[in-house]
Asker: 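Can you keep this structure in mind? I'll have questions shortly.
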Protein chains: 2
Amino acid sequence: MPPGLTIGDFSRITHLSVKMLRRYHESGLLEPAEVDPHTGYRYYTVAQVPTAQVIRRFRDLDMPVREVKEVLAAEPDARGVLIAEHLARLEKQLDATRAAVRSLRGMLEPDRAPITVEHRAVPALPTAAVTATVALGEVLAWYDGAMAEIGTILGTHRRAPGGPPGGLYGNELFTAERGSATVYVPVPDAPTGGRVRPYVVPAAELAVTVHHGPHDDIDVTYGALGSYVTDYALGVAGPVREIYLVGPRETADPAAWRTEIAWPIFRTATATATASAPASAAGLDT
Amino acid sequence: MPPGLTIGDFSRITHLSVKMLRRYHESGLLEPAEVDPHTGYRYYTVAQVPTAQVIRRFRDLDMPVREVKEVLAAEPDARGVLIAEHLARLEKQLDATRAAVRSLRGMLEPDRAPITVEHRAVPALPTAAVTATVALGEVLAWYDGAMAEIGTILGTHRRAPGGPPGGLYGNELFTAERGSATVYVPVPDAPTGGRVRPYVVPAAELAVTVHHGPHDDIDVTYGALGSYVTDYALGVAGPVREIYLVGPRETADPAAWRTEIAWPIFRTATATATASAPASAAGLDT
DNA sequence: CGTCAGGGCTCCCTCGGGGGGAGAGTCAAA
DNA sequence: TTTGACTCTCCCCCCGAGGGAGCCCTGACG
């Protein structure tokens, strides 16, 4: 048989660049039908054209090369599942984009209400908690799983929550994109089971503010609270706390959510002397 | 004055990682309010928090860092324009994604109609044309501009098109992602003006097929035609041609578009001997 | 006032998905 | 057989982000 299509011919037919065809060969995504062992020349066949086109489509959809390979290797029915999963990811990403646009519009409006910050001393709180080291991008998924598990354990042990659930997020989580995170449900005499452990949230003095609405904007509230804490020259003592006063388990409408953000503080030597104007969360100041 | 917030403090407040803050400093996107010349320590102020949050939002929208810098530097009204442009790009990208999904669904259906290929010898054709070296990704935008310019020039010189417009696309455009492209409108005695030059599309023997619908799928038709040409052991002689029988200027409905794809061919020595089954554009064959 | 941990600094490597180009080897048409 | 077009590998670049080593600086505590 003739050796088939050279890489250039195949490139012309599929509109995949020669560079990409070589990379796809390297990565095992699209093996040439034949490779001359002496010269290294790659030879393709017309039967590979449709495969190449399908690869192109998946890559157009930003499906990772690894995954495209899996899809091509999978049986047709499993294939459908993988594709559906990817499309769901695209949809989620689209939601995030929409949220970012919405939030951006809000931020560029110059009329932002100043936040109110409350100081509060809280006693130690016994809870049932799950703690782990997670990456910042995975916190949401991890949170859902952990909260569900706490709910299950409390249910089997017939304990009723003694207050709204909350979380503690280590500072490294934000400075280094991954760090320790804890989510808890207050309950006296907490049971153990699965990842759930009893944990006593330590007593602390907190600077607290309430974030209204979905968590897409929560960094703005963090910023406002952080600015306040800085303006009053307060030191940060330990992980940030969030208390989910109204969350997805209370209402399906994210706009109705209420999240307390609590920053454990201690007064530095200069704290009382340096108090000045309250923090502002205004728009750009370039 | 105190030196302000350390990079860690600022990171906690803005939820931008320390790494990213340093990169944004390097790239000039977000300069610390102060940098200690001896230690290199970066110090930020709370006034920079809103800026950081806006940067975060733009990055969430995949706006390139270069561009975010421009947006921040621009006056508020020019800012609106840049943002609108970016949102338009996102919208366009979304369309492309939808098209890819649609096309993918079609490709994974196993019942694809085989294409019909026609051989045609065409004489030399005098035209008014624009030629340039363009990147594959920019062809569409370039095409629109070039066609508009040809239309303008023909209008001022009172020449009527002598047939459907077309294009010639060098093979390098596909093998190397950039190459020479020509678009033309047939007209005897073509005028000169702007980028428009008279150009005679050379006579050739062509293998021609018609692509129906929007150009998102056009690579499939290219693949089918390429497979046909290969199956009949024909050589490729010169740039591929497209003839826009029904295009955006005839109808707003992309599904009604008709594009001829014409591959200049020559018969190789083995051509008549090797003729075999017609090309198929069927689904995956993994 | 000295110690020392925590946090800051720079520099380099990695990843993913691409591009450009050099230098050498190969194929096939004239 | 020549020669130009094609292909090979290898290395560098881009973007935007992360990991980690090794060293220096700051500040709270004793």
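These numbers come from the heavy atoms of this one structure, side chains and all, not from hydrogens, waters or symmetry mates. A note on names: the letters A, B, ... follow the listed sequences, proteins ahead of strands, and every chain is numbered from 1.
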Asker: Between D/dG20, D/dC10, D/dG16, which one does the side chain of B/Pro64 approach most closely?
Answerer: D/dG16
Asker: Does B/Tyr41 place a side-chain N or O at less than 4.0 Å from the phosphate oxygens OP1/OP2 of C/dT10?
Answerer: no
Asker: So what does A/Val65 hit on the nucleic acid, given a heavy-atom distance under 4.0 Å: a base, only sugar-phosphate, or nothing?
Answerer: sugar-phosphate
Asker: Calculate the interatomic distance between B/Arg42 atom CZ and D/dC25 atom C1'; express it in whole Å.
Answerer: 14 Å
Asker: Heavy atoms from C-beta onward define the side chain here; which of C/dG19, D/dC8, C/dG7 lies closest to that of A/Ser17?
Answerer: C/dG19
Asker: The side chain of B/Thr39 lies closest to which of these nucleotides: C/dG18, D/dG18, D/dC25?
Answerer: D/dC25
Asker: Whether A/Thr6 contacts D/dT7 is assessed here as follows: a side-chain N or O lying under 4.0 Å from the phosphate OP1 or OP2. Is that the case?
Answerer: yes
Asker: How many Å lie between CZ on A/Arg59 and P on C/dG19, as a whole number?
Answerer: 11 Å
Asker: So which nucleotide from D/dA17, C/dC9, C/dG18 ends up closest to the side chain of B/Met20?
Answerer: D/dA17
Asker: Under 4.0 Å between a side-chain N or O of A/Arg66 and OP1 or OP2 of C/dG16?
Answerer: no
Asker: Quick one: is A/Tyr24 getting a side-chain N or O under 4.0 Å of the C/dG18 phosphate, OP1 or OP2?
Answerer: yes
Asker: Are B/Arg57 and A/Asp219 ion-paired here, with the side-chain N under 4.0 Å from a carboxylate O?
Answerer: yes
